[in-house]
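Some notes on the structure that comes next.
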Protein chains: 2
Amino acid sequence: MGRKRFGDINCGVGQALEAVGDWWSLMIVRDAVFGIRRFSDFAQSLGVAKNILTTRLDHLVAHGIFEKVDVGSMGTRFEYQLTDKGEALLPVLIALREWSDEWVFGRGHEPIIIRDQHTGRRVPKMRVLASDGRPLSPRDLRVVPGPGASEDTIQRLRKNS
Amino acid sequence: MGRKRFGDINCGVGQALEAVGDWWSLMIVRDAVFGIRRFSDFAQSLGVAKNILTTRLDHLVAHGIFEKVDVGSMGTRFEYQLTDKGEALLPVLIALREWSDEWVFGRGHEPIIIRDQHTGRRVPKMRVLASDGRPLSPRDLRVVPGPGASEDTIQRLRKNS
DNA sequence: GAAATCTAGTTGCGTAACGCAACCGGATTT
DNA sequence: AAATCCGGTTGCGTTACGCAACTAGATTTC
């Protein structure tokens, strides 16, 4: 039965994971954010088998995260370009990188540094902030059902508050 | 040979994905952020097979994201508590949820809404901001090697700029 | 105080996914 | 004309996943 799918889960995190597909897919998006567009460049950069890469790119195209653009004369040369939806994953990637910079590599051992193209200054750490600017931790949050909440979601939130 | 591991990749995103483990693991962390701590509660909430849950929790404990705490008298009752390292994944979860709110469910169909416990106001959208507050897109970023960059990383960044 | 239930798993088994290597056909370069 | 590049596909073996059944000690119920 393969991996369980989250597509039917009434949960934003699950839906996002389902759309992205799997671990490889997020690495593919990461490469794309850093400028890679060609099939063979993804394959080389990630060291991924080509059949796996094919299925992942197909999945990402099907979910509107990439657009497959014919850049050759007769359909033999393609670019996989991030859509707006794909570019919108940037905060996810940045958040993951910041987490590992702090908790895996440790300060002073970051493999890469991201700077603002225009000012040359480092991009400040992303944080979950309240509307007045206070940083928020999980305990500062209150989760309530939204307009698209399923009965399950409502039940779960009720039980958990 | 099973899934390829990213543990040896000199890349923050890959390291973070490796530490978290897989799709299930991130859902487990999500549940934990929302207050779940017990083995059976995770199992029920996620609908995950118990053997899978066992391996994921073990992995997360091994990577310091959860701590397994004996809350019974004789080692028969446990809580899996998020560590600081685990709580620090909050921005990742929030970023994923915000992405799917906008690009999967669409505005007005969000399954949950997250409010600030103290003020009751909605938590503002996370964004990648420059130090002067401008929102940044992938094209506004310049990636340079950090102090922990491997030779591979340096080569890759040189080629790509 | 015996039986049922709860908790936190483990074991066995079948299927789906992954990884590798080989192959392929059209286009481009040498 | 031959070699190489590009973007894959195919076949095969191994691994991981998912389900269901089982377990053993602790707790609750009758």
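For clarity, every value in this text was computed on a predicted model and none was experimentally measured. Chain naming here is simple, since letters A, B, ... match the order of the sequence lines and numbering starts at 1 in each.
The side chain of A/T54 places no N or O atom within less than 4.0 Å of a non-bridging phosphate oxygen (OP1 or OP2) of D/dG8. Side-chain N/O atoms of A/K68 include one lying less than 4.0 angstrom from OP1 or OP2 on D/dG8. The phosphate of C/dG19 has OP1 or OP2 within less than 4.0 Å of a side-chain N or O from A/W24. In terms of phosphate contacts, B/R77 brings no side-chain nitrogen or oxygen within less than 4.0 Å of OP1 or OP2 of D/dG25.
Salt-bridge check for A/R134 with A/D140: failed, with every basic side-chain N at 4.0 Å or more from each acidic carboxylate O.
The main-chain N or O of A/A16 is never found under 3.5 Å from a side-chain atom of B/S100 such that the two would form a donor-acceptor pair.
Closest contact between the side chain of A/I52 and the listed nucleotides C/dG9, D/dT9, C/dC18 involves C/dC18. Distances were taken from every side-chain heavy atom of B/N51 (C-beta onward) to each of C/dT10, D/dC6, D/dG11; the shortest belongs to C/dT10. For B/F78, counting side-chain heavy atoms from C-beta on, the closest listed nucleotide (C/dG9, D/dG18, C/dG19) is C/dG9.
To the nearest 0.5 Å, atom CG of residue A/L90 and atom CZ of residue B/R139 are 10.5 Å apart.
A straight line from CD of A/E79 to P of D/dG8 spans 13 Å, rounded to a whole angstrom. C/dC18 atom P lies 15 Å from atom CG of A/L46, rounded to whole Å. Distance CG (A/L57) to P (D/dT9): 11 Å, rounded to an integer number of Å. As rounded to whole Å, 13 Å separates atom C1' of D/dA16 from atom CG of A/D22. Between A/D70 atom CG and C/dA27 atom P the separation is 12 Å, expressed in whole Å. For the pair A/H59 NE2 and C/dA16 P, the computed distance is 19 Å after rounding to whole Å. In this structure, B/I36 atom CD1 and C/dT7 atom C1' are separated by 16 Å, rounded to whole Å. As a whole-Å value, the separation of A/D41 CG from D/dG8 P is 13 Å.
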Item to check | Stepwise side-chain hydrogen bond (donor to acceptor under 3.5 Å, both in side chains) check, B/D22 with B/S25 | outcome: CA-CA 5 Å; B/D22 77 346; B/S25 309; 2.9 Å; yes

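B/Y80 comes within 4.0 angstrom of the backbone, heavy atoms only, and of no base.
Nearest-nucleotide mapping onto DNA chain D: of B/R56 and A/K50, the residue sitting toward the 5' end is A/K50.
Screening B/E110, B/E98, B/E102 for a salt bridge (charged side-chain N to carboxylate O under 4.0 Å, His left out) involving B/K125 leaves a single residue, B/E102.
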